[in-house]
Amino acid sequence: MQKKKSTHSDLPSPPKEYSFFKDVHEVVRQIPKGRVSSYGAIARYLGTGLSARMVGWAMNAAHNTSPPVPAHRVVNRNGMLTGKAHFTPPSLMEALLKKEKVIVKEDKIIDFEKLFWDPIIELSL
DNA sequence: AGCCTGACTTTGT
DNA sequence: GACAAAGCCAGGC
């Protein structure tokens, strides 16, 4: 069954936008409190794999996504708060992480590997 | 329809 | 070990 494309009359409201952004938001939302994840890990889980950049890009949309995405729990592979500059205010990311009992020093997460939450592993259980 | 950008990651010098 | 460049994919203009 094939659906005929009309001009613009039907489809009063798009049910869902097909964006891998949404997938990223969803995964990030799964991140437990007090845990952190990396762009690359999420990217691999989504299948994008080689393009961790897109994960960060998706975060840009996260500001308009609901429920809000805890982007502050997502850092780069080094455990550094690379995306903190995109928060409002930038110090918000560090503040939120500290609130989660996550130790942040010099924009870097202490014991990052211990707090690291890998969706590939955790969601694969 | 094509070019540029981007919150990363990996590899090579 | 530090720095530089390339690879990657999708969205915005």
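Quantities reported herein were computed from a predicted structural model and do not represent experimental measurements. So you know, we letter chains A, B, ... as the sequences are listed, proteins then strands, and number each from 1.
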query = Does S37(A) use its side chain to pair, donor to acceptor, with the backbone of W117(A) at less than 3.5 Å?
reply =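 Present.
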Measure [atom1]/[X] against [atom2]/[N] and give the value in whole Å, please.
{"X": "N78(A)", "N": "dT10(B)", "atom1": "CG", "atom2": "C1'", "value": "12 Å"}
{"X": "N64(A)", "N": "dG12(C)", "atom1": "CG", "atom2": "P", "value": "10 Å"}
{"X": "L46(A)", "N": "dC8(C)", "atom1": "CG", "atom2": "C1'", "value": "14 Å"}
{"X": "I31(A)", "N": "dA7(B)", "atom1": "CD1", "atom2": "C1'", "value": "13 Å"}
{"X": "N60(A)", "N": "dG12(C)", "atom1": "CG", "atom2": "P", "value": "9 Å"}
{"X": "H25(A)", "N": "dA10(C)", "atom1": "NE2", "atom2": "P", "value": "15 Å"}
{"X": "W57(A)", "N": "dC9(C)", "atom1": "CH2", "atom2": "P", "value": "16 Å"}
{"X": "F20(A)", "N": "dA7(B)", "atom1": "CZ", "atom2": "P", "value": "14 Å"}

Is there side-chain contact between [X] and [Y], with heavy atoms separated by less than 4.5 Å?
{"X": "V24(A)", "Y": "L46(A)", "value": "yes"}
{"X": "V36(A)", "Y": "I31(A)", "value": "no"}
{"X": "D111(A)", "Y": "I103(A)", "value": "no"}
{"X": "F116(A)", "Y": "D118(A)", "value": "yes"}

Nearest listed nucleotide, side chain of R77(A), among dT10(B), dA10(C), dA7(B) =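 Within the option list, the nearest is dT10(B).
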query = Picking from dA10(C), dC8(B), dA7(B), which would you name as closest to the side chain of N76(A)?
reply =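 Nearest to the side-chain atoms of N76(A), counting from C-beta on, is dC8(B).
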query = Which pairs with one or both residues in residues 24-41 of chain A pass salt bridge (charged side-chain N to carboxylate O under 4.0 Å, His left out), sequence neighbours excluded?
reply =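 Every candidate salt bridge (charged side-chain N to carboxylate O under 4.0 Å, His left out) pair involving residues 24-41 of chain A fails, so no pair, neighbours aside, qualifies.
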key: Any residue of residues 85-104 of chain A with a heavy atom less than 4.0 Å from an atom of DNA chain B   =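 H86(A), F87(A), in order of number.
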message = It should be established whether S51(A) places a side-chain nitrogen or oxygen under 4.0 Å from OP1 or OP2 of nucleotide dC8(B).
response =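 No, outside the criterion.
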request  = May I ask you to say what H72(A) touches in the nucleic acid, namely base, sugar-phosphate or nothing, with a heavy-atom cut-off under 4.0 Å?
outcome  =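 Touches nothing.
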Side-chain polar contacts of residues 77-96 of chain A - donor-acceptor pairs under 3.5 angstrom, sequence neighbours left out - could you list them?
unit_1	atom_1	unit_2	atom_2	d
K84(A)	NZ	D107(A)	OD1	3.1
K84(A)	NZ	D107(A)	OD2	3.0
E94(A)	OE2	K98(A)	NZ	3.0

